[in-house]
Each structure stands twice: as C-alpha cells, then as structure tokens.
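Inspection log for the structure reproduced underneath, given as structure tokens.
Side chains are part of it too, since the values below use all heavy atoms of this structure and drop only hydrogens, waters and symmetry mates. Within every chain, numbering begins at 1; the chains are lettered A, B, ... in the order of the sequence lines, protein sequences first and strands thereafter.
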4 protein chains.
Amino acid sequence: MNESTPRKRLSREESQAQTRARLIDTAQQLFVTNGYGGTSIRDIADRAGYSQGAFYSNFASKEEVLLELLRGHMEAEGAQLSKILDSEGHAPEQIFEELQTWAATLNHDADWCMMSIELQLHANRSPTFATKYQAVWDAHRGRLGGVVGKLFAALGRTPPADPEELAAAFMALTHGLALQSMGARPDPSGRLILVFLRGLIASAGLASVTR
Amino acid sequence: MNESTPRKRLSREESQAQTRARLIDTAQQLFVTNGYGGTSIRDIADRAGYSQGAFYSNFASKEEVLLELLRGHMEAEGAQLSKILDSEGHAPEQIFEELQTWAATLNHDADWCMMSIELQLHANRSPTFATKYQAVWDAHRGRLGGVVGKLFAALGRTPPADPEELAAAFMALTHGLALQSMGARPDPSGRLILVFLRGLIASAGLASVTR
Amino acid sequence: MNESTPRKRLSREESQAQTRARLIDTAQQLFVTNGYGGTSIRDIADRAGYSQGAFYSNFASKEEVLLELLRGHMEAEGAQLSKILDSEGHAPEQIFEELQTWAATLNHDADWCMMSIELQLHANRSPTFATKYQAVWDAHRGRLGGVVGKLFAALGRTPPADPEELAAAFMALTHGLALQSMGARPDPSGRLILVFLRGLIASAGLASVTR
Amino acid sequence: MNESTPRKRLSREESQAQTRARLIDTAQQLFVTNGYGGTSIRDIADRAGYSQGAFYSNFASKEEVLLELLRGHMEAEGAQLSKILDSEGHAPEQIFEELQTWAATLNHDADWCMMSIELQLHANRSPTFATKYQAVWDAHRGRLGGVVGKLFAALGRTPPADPEELAAAFMALTHGLALQSMGARPDPSGRLILVFLRGLIASAGLASVTR
DNA sequence: CATGAATGAGGGTTCATTCAT
DNA sequence: AATGAATGAACCCTCATTCAT
C-alpha cells in the first residue's frame with residue numbers, strides 16, 4: 001500500500017478503469033463507423049479484447065455507454081465554447097475569429113454529429129432512453145443558449161429569438177450539415193455556420209441598454 | 001397482354017402494382033415510426049396484409065424499398081419546388097411569402113424529414129445506395145439553389161455564400177430541427193427557419209452588378 | 001388435389017404438421033428428462049433435427065409447447081376416467097376393478113406427474129402463464145370432480161367433501177407420490193391411491209336419496 | 001485461535017458463521033420464491049449483502065446450500081415429530097388431536113413444503129444430491145411411519161397398508177396440496193388431509209391380534 | 001405471383017464460476 | 001475471508017432470406 005515499486009500499482013481499480021475506458025473507446029469507434037444500431041455488444045467486447053460479460057460488468061446496457069459517450073462529448077463542447085466567450089475583455093472581432101477556429105474543428109467532428117443524429121432518433125423511439133437523453137440534451141442546450149446570449153450581449157444586440165432556441169437551431173444546422181457531407185471534402189459546414197451566425201447578428205436590433 | 005376478355009383484364013398486373021404500392025406505403029410508415037433498422041420485412045409484409053414472400057416477389061431486398069421511397073421523395077420535392085420556381089415574374093415579397101408558406105408546411109412534414117434522414121443515414125453506410133441517393137440529392141440541391149439565387153437577385157443583393165450551399169444549409173437546418181422536435185409542441189421550426197433566412201438577407205451586401 | 005398418387009401428397013400442411021408433432025414429441029421427452037427449466041429451445045430444436053427458428057415458426061414460446069402438452073395429457077386422462085365411470089350398468093366392484101387397472105397405469109406416468117409439478121411451480125411464479133394454466137387446470141379439476149361425484153353416486157354414498165376438492169386432493173396425492181418415487185421400483189403409488197379411495201368411501205355416509 | 005485479547009475473540013469464526021447463516025437464510029427465501037433454478041448466486045449474495053466471492057468462500061456450489069437447507073429441513077421435521085412421538089401413553093383421541101394440530105400448521109408451512117418440493121425435484125436430477133437426500137427422507141419416513149403405526153395400534157385397528165407407505169402418502173398429499181394452493185385462500189389442505197385420515201381409519205379392519 | 005415454414009446467423013442478456021487482489 | 005471484474009458458455013428470441021408448394 002505504500003509506494004516502493006513504481007510499476008503495476010493500483011492494479012485493481014486501475015485495471016478496472018482501463019477496461020472501462022477501452023470499452024468506451026471501442027464503442028465510440030464502432031458507433032461512429034457502423035452506427036448505434038449497427039454495432040453489437042459482441043462487436044464492442046471482441047474488438048476491445050474482452051468478453052461480453054466484461055461489458056456487462058461495466059455497463060448495464062448498450063444505451064448506457066452511449067449516454068456516457070454523449071455526456072462527455074457535450075460537456076467538452078460546452079467547455080470549449082465557454083472558454084471562447086467567457087474571456088470578458090474580448091473585442092467582437094476577436095470573438096468571431098475564435099468562433100471561426102472552433103467552427104473549423106466541427107469539420108472533424110462530423111462523425112460525432114452522425115452519432116448525435118442516431119441518438120436523437122433512438123431517443124424519439126425509446127421512451128426509457130428519451131428521459132435520460134433529454135437530461136443530457138437540455139443541459140447542453142442550456143449551456144449553448146448561455147453562450148449565444150453572451151455573444152449577443154457582448155455585441156450590444158438583441159437576439160432575434162430565444163437564445164436557447166437559436167442554440168438548438170445551430171445544433172440542428174450543424175447536425176444536418178454533417179449528415180449531408182459525410183465523406184464530401186472539403187466540408188463547408190464550419191464556414192456556413194458562421195455565415196448564418198453573421199446573418200443573425202446583422203438582423204439583430206441594437207440592444208436598448210446602452211453599452 | 002393482348003385483350004380478349006373485356007373485364008378484369010389488367011387484373012394481374014394491376015393487382016401486382018397494388019401489392020407493390022401497399023408495401024411501399026407501409027414500409028414508409030414503419031421506417032418513419034421505427035426507423036430503417038427497426039423495421040423488419042415481416043413487419044412490413046404483415047402490416048400491409050401480405051406474406052413475406054410477397055415482399056420478395058416485389059423487391060429484392062429491404063434496400064430496394066428504400067430506393068423506391070427515394071424516387072417518390074424526389075418527385076414530391078421536385079413538384080414542390082416547381083411551384084415556387086415557375087412563378088417567373090414574381091416580386092421579392094411574393095417569393096418571400098411563398099417561402100414562408102413552404103416553411104410552414106415543414107411543420108406538418110416532419111414525416112418526410114424523418115424519412116429523408118433515414119435515407120441519408122443509410123446512404124452514408126451503403127455505397128451502392130449512396131450513388132443513387134447522391135444523384136437525387138444533387139438535383140434537388142441544384143433546384144433549391146436556383147430558388148435561393150433568384151430570391152437574392154430579386155432583392156438586389158449578393159448572397160453571402162454559394163446559393164446551392166445556402167440551400168443545402170437550409171435543408172440541413174430543416175432536417176435537424178425536425179429531428180429535435182419530433183413530438184414536441186409547439187414546434188418552432190418554421191419560425192426559426194425564417195429568422196435565419198432574414199438574417200442571411202440582412203447580412204447580404206447590395207449587389208454591385210445591376211444585370 | 002384429387003387423389004391419384006398415393007405418396008407425397010398434402011406435402012405442405014402435412015410436413016408442417018409433422019414438424020410440429022416432432023417438436024412436441026421431442027419437447028415432451030426433454031421436459032420429462034431434464035425438466036422444463038432444464039430444457040432449452042436449442043435442445044428441443046436440435047434433437048428434433050430442426051433449427052431454433054423452426055421452433056418459433058410453430059410456437060410462440062417455450063410456455064406454449066408446455067401448455068399444448070399439458071392440455072393433451074389432461075384431456076386424455078379425463079377421457080380415460082370418464083370411460084370407466086360412464087358405463088351406467090357397472091356394479092361397484094367392477095368400477096373398482098377398472099379403477100385399479102387405471103391406477104396401475106399411473107405408475108408409468110410418473111414422468112408426467114413430475115412435469116405437472118414443474119408446471120404448477122412455474123405457474124405459481126409466472127403470472128402470464130398462471131392464467132392460461134389455470135384454465136387447463138380448472139377444466140381438468142372439473143372433469144375429475146364429475147368422475148368422483150359419479151362414483152359416490154353409483155355407490156349410493158355422500159362424498160365426505162366437495163367432489164372437486166377430493167379430485168384435486170387425489171391429483172395432489174398422485175403428484176406428490178410421483179415426486180417421491182422417481183426411480184424407486186416397484187412404485188406403490190397406484191395401490192396407495194386406491195387404499196385412500198376405499199377409505200374415503202368407507203367413511204362416507206349413505207346418501208339420503210334411495211337408490 | 002488462542003486467546004489473548006478478551007474482547008471480540010471469536011470474531012473471525014463468528015462472523016464467518018454469521019455470513020454463512022445469512023447466506024443460507026437468504027437462499028431459502030429465494031428458492032421458495034423463485035425456485036432453485038430461478039435463483040442465481042448473484043441474487044443470493046446481493047440480497048444477503050455480500051459479494052459473490054463471499055458465497056464461494058462458504059459454499060462450493062449452489063447445490064451445497066441446498067444440502068445445508070436439507071440439513072435444516074431434517075432437524076426441523078425431526079423436532080416436529082418428536083413432540084408427537086414422545087407422548088407415549090397418549091390416548092387415541094389425543095394422538096388424533098395432535099395430528100390435527102400438526103395438519104393445521106401445514107397451512108402456514110407452505111414455504112417448507114415448497115422447499116421440500118424443490119429439494120425432491122433437485123434430487124431427482126442430481127445423483128450426487130439424491131443419495132444424501134434419500135437418507136434424510138428415509139429417516140423421516142420411518143419416524144412418521146412409527147407415528148402412523150402407533151395411531152392405528154392405539155385405535156385397535158389394522159392399517160390398510162404399510163404404515164411407512166401411508167406416512168409417505170400423507171407427505172405426498174400434503175406437498176401436492178401445498179403446491180396447488182400456493183396463494184389460494186382459503187386453503188383447504190388441512191381439512192382435506194384429515195378427511196383422508198378419517199377415511200383410512202374408517203376402512204381399517206379391527207386388529208385381530210390383541211398384542 | 002404469392003405463400004409461409006424453415007434456415008442460420010446474430011442479437012442482447014444472464015449465469016456459475018474463477019482468480020488476482 | 002472476502003472482493004467483484006472478468007470469463008465463456010448458454011439462453012431466449014428476431015431477422016433477412018430461401019424455396020418447395
């Protein structure tokens with residue numbers, strides 16, 4: 001229990017965490033490649049080098065991995081966006097530039113978007129899953145809504161619709177574009193999203209509060 | 001094929017066509033409700049009132065029904081856009097109004113959107129299907145791009161991006177929103193789409209070339 | 001459709017019935033040997049020479065075969081007993097003799113009794129199964145109750161308890177004895193059952209209705 | 001194992017015994033409720049508040065718990081009968097009354113009966129278990145046979161069959177009735193058993209040998 | 001053309017058991 | 001002694017598809 005040998009410590013918990021991590025990784029790869037429905041637990045376990053039982057020792061069901069994956073992804077995305085908008089002193093142009101950089105990364109995220117679509121479809125069809133999914137989704141929607149609101153505030157303008165609705169619309173746009181451009185290169189998604197964002201801002205009235 | 005008995009002549013071919021049509025209809029309903037992967041051929045045949053064998057007498061595989069649906073999709077979309085496109089001399093406000101009407105129908109067209117998403121998802125995973133799907137999609141994209149271009153031209157403004165790209169983006173937005181709001185009432189999709197469209201117009205520079 | 005070739009006719013329905021019959025037979029053998037819980041559908045299908053799918057083409061579930069089996073057995077048993085009691089003119093001694101003969105066959109029926117016990121256990125634990133089981137069981141209980149009533153009537157005596165209850169008690173005795181004597185030879189079950197029946201008759205008061 | 005610290009001395013052994021006892025108790029509850037086959041070791045361990053490993057530290061297999069339960073069964077039955085047997089000089093009415101009391105407890109003893117049935121069922125399929133079970137059963141049968149013999153002797157009558165066989169038959173009747181009336185209220189088992197007993201006595205000839 | 005019984009592969013899930021900790 | 005992650009086999013069931021009728 002004290003530390004003397006530097007290697008092979010924490011075996012029990014460590015190896016458990018490792019198994020879990022490997023299963024999650026493998027699941028993500030396969031979900032992205034073959035879709036949620038096209039991926040069997042056998043596939044995941046086999047490719048990760050474990051038995052099917054190992055999967056069930058770590059997750060109650062296929063849905064659970066999916067939710068874990070989703071949560072992680074959405075939180076990461078939220079954090080990423082918050083970082084851009086939270087820095088108070090930024091000039092509008094700077095914010096735009098950073099958003100542009102972020103939007104560019106979306107191009108590499110098309111796989112994730114595909115999964116998101118499959119997830120939504122699954123949620124629309126499985127009531128039990130829908131509840132859990134809704135929680136994750138609402139949290140994400142709220143976070144993004146906050147980011148959108150902050151952006152308009154920073155620009156001294158009134159959003160042309162409820163910020164959360166706008167955020168959801170941007171998610172919809174992003175996912176829809178990902179669906180279209182699977183495999184198409186170069187993917188104009190990131191650029192288009194900013195075009196729409198600029199449009200929204202251009203059409204927004206000046207905020208009544210003097211900046 | 002030659003005519004001798006005056007009654008019930010086309011019976012065989014007709015009834016075959018009817019079988020086929022019923023199977024296609026049923027398949028679409030089920031694909032929308034349960035997804036492509038969640039729909040079995042037994043489901044389709046049973047609900048349509050036929051045997052599984054009848055299905056295979058009309059289609060080589062589940063994918064083939066999807067192709068037939070794609071064909072229907074294509075025709076429906078073509079007809080829809082023709083209405084907007086055919087009105088050559090329309091004033092900008094009129095075009096805008098027609099787009100608004102079109103956007104409003106989207107609310108009631110969620111089924112078609114879902115079907116479209118299923119089609120795209122499947123195309124992303126089946127190379128043989130992808131080719132055929134791409135052709136339909138490109139045609140539709142082109143047509144819709146024409147409408148967008150015409151709108152901006154009529155307004156005397158320069159589109160902030162390739163009209164076809166903008167058209168595709170609107171399709172993406174529409175589909176993405178439909179996915180989000182399956183079952184949610186009231187569905188803000190139509191309104192949001194117009195908010196985005198207005199934004200785009202607001203951010204468009206005045207066209208330099210009068211033409 | 002008319003009969004000319006003596007062999008291989010009725011192929012479709014016949015072969016279907018054959019498959020069903022073979023599966024039922026095999027299921028019975030295995031249920032008796034390994035118990036209901038110890039018999040898998042794989043086992044049944046494999047041993048009958050079919051695929052698992054073939055099983056599901058003929059039965060909705062393992063429970064369904066069980067019920068079919070049970071029904072057939074109970075009906076046969078009821079018919080057997082009715083035959084003994086229905087012949088009006090028999091003298092009491094003759095009835096007894098025939099019952100003795102019948103009881104002797106019970107010895108060879110121990111396997112069936114075992115299954116019956118497992119069935120009851122299963123019914124006590126599966127509400128969905130319980131309903132269907134209850135119907136079969138009640139019918140059998142009613143039939144046997146009728147036989148018991150008739151026997152006492154023929155002897156001009158009043159049964160010491162509700163005939164249906166007595167019938168159920170005899171079923172219980174039979175099953176309980178079968179449970180005990182699995183494998184023990186010679187099995188005294190049949191003889192003991194008659195000993196109890198004679199006791200019941202001996203303790204029964206004379207019926208008030210003069211015969 | 002040697003004593004030095006006065007407190008918590010037997011702690012280890014004691015706690016092990018406690019673990020074992022708790023597992024046995026839990027197992028019995030679950031066997032009765034869900035059956036032997038319907039109870040998993042995980043169920044037992046979980047519900048008892050231990051790990052699966054703890055189970056295997058105490059028992060080599062699921063069957064071994066069953067053996068332990070059998071031992072308990074044996075002791076309980078032995079004690080039960082001792083009460084009846086020990087009263088040597090009792091009058092027939094008294095014995096009869098005691099049997100009546102015993103029969104009445106059976107109504108509330110359905111759990112034991114179910115357990116007994118599970119034991120017998122398992123014995124019928126596991127040769128290794130059967131041997132041990134047979135010993136317990138034979139002892140019990142002998143003891144109960146003694147009671148039956150004594151009853152008839154006290155009544156000055158000849159039993160209509162080997163007392164041990166009659167005893168076994170009563171056990172069979174009891175178990176069979178318990179199986180039928182699991183959950184059914186009111187349970188006529190106790191009453192029915194006495195009806196049968198009275199019948200047996202009624203049909204018994206007067207003992208020729210005074211002895 | 002239409003039937004639907006039968007196939008064979010694969011789906012998600014559970015279980016008794018093992019073993020490094 | 002006790003843990004519980006991991007195993008591997010088995011379980012019930014569903015599916016797209018075939019083929020004799």
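Here the P atom of nucleotide F:dA2 and the CG atom of D:Asp46 are 16 Å apart, to the nearest Å. The nearest whole Å value for the distance from the CD atom in B:Gln18 to the C1' atom in E:dC1 is 14 Å. Distance CZ (D:Phe55) to C1' (E:dC19): 17 Å, rounded to an integer number of Å. In this entry the distance linking CZ of C:Phe59 with C1' of F:dC12 reads 16 Å, nearest Å. Residue A:Glu63 contributes atom CD, which lies 17 Å from atom P of E:dG11 at whole-angstrom precision. As rounded to whole Å, 15 Å separates atom P of F:dA10 from atom NZ of C:Lys62. Residue C:Tyr50 contributes atom OH, which lies 13 Å from atom C1' of E:dT7 at whole-angstrom precision.
Between E:dA5 and C:Gln16, a contact under 4.0 Å exists linking OP1 or OP2 to a side-chain N or O. Under 4.0 angstrom from either OP1 or OP2 of E:dA2 there lies at least one side-chain N or O belonging to B:Asn58.
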CA sep, side-chain torsions, deciding dist, call: A:Asn58, A:Val65, side chain to side chain contact (heavy atoms under 4.5 Å, CB included): CA-CA 9 Å; A:Asn58 283 279; A:Val65 217; over 6 Å; no
Intermediate values then yes/no, salt bridge (Lys or Arg N to Asp or Glu O under 4.0 Å), D:Glu68 and D:Lys62: CA-CA 10 Å; D:Glu68 207 64 31; D:Lys62 203 161 61 153; over 6 Å; no
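Annotation: of the two residues near DNA chain E, D:Tyr36 and C:Leu23, the 5′-most nearest-nucleotide partner is C:Leu23. Nearest-nucleotide assignment on DNA chain F puts the 5′-proximal partner with A:Ala54, out of C:Asp43 and A:Ala54. Projected onto DNA chain E by closest heavy-atom contact, C:Arg20 and D:Gly53 fall at different nucleotides, the more 5' of which corresponds to C:Arg20. Nearest-nucleotide assignment on DNA chain F puts the 5′-proximal partner with A:Gly49, out of A:Gly49 and C:Gly38.
Helical stems in DNA chain E, defined as runs of 3 or more consecutive Watson-Crick or G-U wobble pairs with both donor-acceptor distances under 3.5 Å, are listed by first residue as E:2-21 with F:2-21.
Across all strands shown, C:Ser57 has heavy atoms under 4.0 Å from base atoms, whether or not it also approaches the sugar-phosphate. Within 4.0 Å (heavy atoms only), A:Ser51 reaches at least one base atom of the nucleic acid. Using a 4.0 Å heavy-atom criterion, one finds that D:Tyr56 contacts the bases of the nucleic acid, with or without backbone contacts as well.
For the residue pair B:Thr128/B:Glu63, the side-chain donor-acceptor check at 3.5 Å is satisfied.
Other residues, nucleotides and ligands contribute at most 12 non-hydrogen atoms within 6.0 Å of the CZ atom of B:Arg47.
Put simply, OG1 on C:Thr26 and OH on C:Tyr50 are 8.5 Å apart, with the number rounded to the nearest 0.5 Å.
Out of E:dA2, E:dG12, F:dC13, the shortest distance to the side chain of A:Arg42 is found at E:dG12. Looking at the side chain of C:Ile41, the nearest of the listed nucleotides E:dT13, F:dA2, F:dC12 is F:dC12. Set against F:dA6, F:dA2, E:dA6, the side chain of A:Thr19 has F:dA6 as its closest nucleotide. Counting only heavy atoms from C-beta on, B:Ser61 has its side chain closest to F:dT17 among F:dT3, F:dT17, E:dT7. Among the nucleotides E:dG12, F:dG4, F:dC12, the one closest to the side chain of D:Gln52 is F:dG4.
When atom types are taken as modelled, the side chain of B:Ser126 and the backbone of B:His122 share no donor-acceptor pair closer than 3.5 angstrom. Side chain of A:Asn124 to main chain of B:Leu179: a donor-acceptor pair is present (N/O by atom type, distance under 3.5 Å, no hydrogens or angles).
Of all heavy-atom pairs between A:Val32 and A:Met115, the closest is CG2-CG, 3.9 Å.
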